[in-house]
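To keep things clear, I will list the structure first and then write my remarks on it.
Positions are given from 1 along the sequence. Model, not experiment: these values are computed from the prediction.
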Amino acid sequence: DPGGLAEESLASERALRHEPPRVRKAAAREMAKFFKPKPQMAERRSQRTVVFDAVLRDGYGNAFASQDESDQAMAAYRAASRLLPGSHVPLLYVAMEYGRTNNNTMAAQCLRQARQGCASDPLIFNEIGVVKYNEERYEQAIVSFRNAIKLCDRSDKTTREVVLVNLGHALRKLGRFERAVACYEEARALIHVQKPSTLASLAFTYHLQGKLDLAIDIYHKALALKP
């Protein structure tokens, strides 16, 4: 079933977006080994092959994005969008890349288009929140992050953890330190391997609250994970 293949493969791609850079690079390189564009054979491709090619192009784009090769990443994502017209995932990746290069206007435009294609993907609302956060519109960012959490499947701990951390950042910016701490702690409870970035954010929030002993202790834990 090509549709089932697309859902399964694209779900794997979304999960990879949240892995450490070295993991994303390795996975994307492995997928890229299978990517051999043959436009002259396009008319003989099955629907299943077209779907798989589109997913591989997304992976190929992620490999470039992880190495700051923005133009090549964009080309791969757009190629995937042409192969899977109507799919919101390549548009989501294009928006992520625009956001990574601080082009919030284009990121927001792509996210609107992606949302029209799929209004139930929590990553769309997470990225909308990121754009609002980068524009220092923190209240709007909080609304988007909370919408993303509502859409998260309880079993999708990877996405939920990322959104909770982002929500914590937005709450911290508004001085809502207790709520920010609650978000960071909930995010930490979702994963087995602690992230130094989350620990550092938690420590910084305690630091802002004047809880210096607690902040120092957690700073040390973050440094132990990433000296």
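- For the pair Tyr206 (side chain) and Val181 (backbone), a donor-acceptor distance under 3.5 Å is absent.
- Taking OG of Ser144 as the reference point, atom CD1 of Ile124 lies at 11.5 Å (rounded to 0.5 Å).
- In Arg179, the CZ atom is not crowded: 12 or fewer heavy atoms of neighbouring residues, nucleotides or ligands sit closer than 6.0 Å.
- Closest heavy-atom contact between Ala203 and Ala215: O-CB, 3.3 Å.
- Here the CG-CG distance, from Leu151 to Leu123, works out to 10.5 Å after rounding to the nearest 0.5 Å.
- One hydrophobic cluster, built from ILVMFWY side chains closer than 4.5 Å, holds both Val89 and Met106.
- Ile142 contributes atom CD1, which lies 13.5 Å from atom CZ of Arg137 (distance to the nearest 0.5 angstrom).
- Residue Val165 is not grouped with residue Val163 when hydrophobic side chains (ILVMFWY) are merged at heavy-atom distances under 4.5 angstrom, including chains of intermediate members.
- Across Gly99 and Ala107, no two heavy atoms sit closer than the pair N-CB, 3.9 Å.
- A donor-acceptor pair is defined here as one N or O able to donate and one able to accept, closer than 3.5 Å; such a pair exists between the side chain of Gln194 and the backbone of Arg188.
- Residues Ala224 and Pro227 share a closest heavy-atom pair of O-CD, 4.2 Å.
- Annotation for Asp153: atom CG counts as buried by contact number, over 12 foreign heavy atoms lying within 6.0 Å.
- Cluster annotation: Leu174 is connected to Phe145 through the hydrophobic network of ILVMFWY side chains, with a link wherever side-chain heavy atoms come within less than 4.5 Å.
- Aromatic ring centres of His207 and Phe177: separated by at least 6.0 Å.
- For the atom pair CZ (Arg172) and CG (Leu202), the distance works out to 10.5 Å, reported to the nearest 0.5 Å.
- When all heavy atoms of Cys152 and Pro122 are compared, the pair lying nearest together is SG-CB, 3.8 Å.
- The pair Lys173-Glu135 fails the salt-bridge criterion, with no side-chain N (NZ, NE, NH1 or NH2) lying under 4.0 Å from an Asp/Glu carboxylate O.
- The 12-atom threshold is not exceeded at CZ of Arg115, counting heavy atoms of other residues, nucleotides or ligands nearer than 6.0 Å.
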Verdict with supporting geometry, Leu225 and Leu199, side-chain contact (heavy atoms from CB on, under 4.5 Å): CA-CA 10 Å; Leu225 291 172; Leu199 287 171; 3.5 Å; yes
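- Note: the hydrophobic cluster containing Leu190 does not contain Ile218 (ILVMFWY, side chain heavy atoms under 4.5 Å, direct or indirect links).
- Taking the salt bridge (charged side-chain N to carboxylate O under 4.0 Å, His left out) definition, one finds that Lys157 meets it with nothing, sequence neighbours left out.
- Looking at Glu178 and Lys211, a side-chain N of the basic residue comes within less than 4.0 Å of a carboxylate O on the acidic one, giving a salt bridge.
- Within the model, atoms CG of Leu91 and CD of Glu127 stand 13.0 Å from one another, a figure rounded to the nearest 0.5 Å.
- Taking each heavy atom of Tyr138 and Tyr133 in turn, the nearest pair found is CE2-O, 3.6 Å.
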Arg160 and Arg154: CA distance, side-chain angles, deciding distance, side-chain contact (heavy atoms from CB on, under 4.5 Å) verdict: CA-CA 8 Å; Arg160 193 175 183 85; Arg154 298 298 297 185; 2.7 Å; yes
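- By the 4.5 Å heavy-atom criterion applied to side chains, Glu97 and Val94 are not counted as neighbours.
- A distance of 8.5 Å separates OG1 of Thr205 from NE2 of His169, quoted to the nearest 0.5 Å.
- Side-chain atoms of Asp217 and Asp213, non-hydrogen and from C-beta on, never get closer than 4.5 Å to each other.
- Contact annotation: the side chain of Val131 never approaches that of Asn134 to less than 4.5 Å [non-hydrogen atoms, C-beta and beyond].
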Step-by-step side-chain contact (heavy atoms from CB on, under 4.5 Å) determination, Glu139 to Lys132: CA-CA 8 Å; Glu139 290 286 4; Lys132 301 297 184 186; over 6 Å; no
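- Checking side-chain atoms of Thr159 against main-chain N and O of Asp156 turns up no donor-acceptor pair under 3.5 Å.
- Counting heavy atoms from C-beta on, the side chains of Lys195 and Ile191 come closer than 4.5 Å.
- Note on Val162 and Ile149: separate hydrophobic clusters, where clusters join Ile, Leu, Val, Met, Phe, Trp and Tyr whose side-chain heavy atoms are under 4.5 Å apart, directly or indirectly.
- Contact record, Ile128 with Leu111: N-CD1, 3.7 Å, taken as the closest heavy-atom pair.
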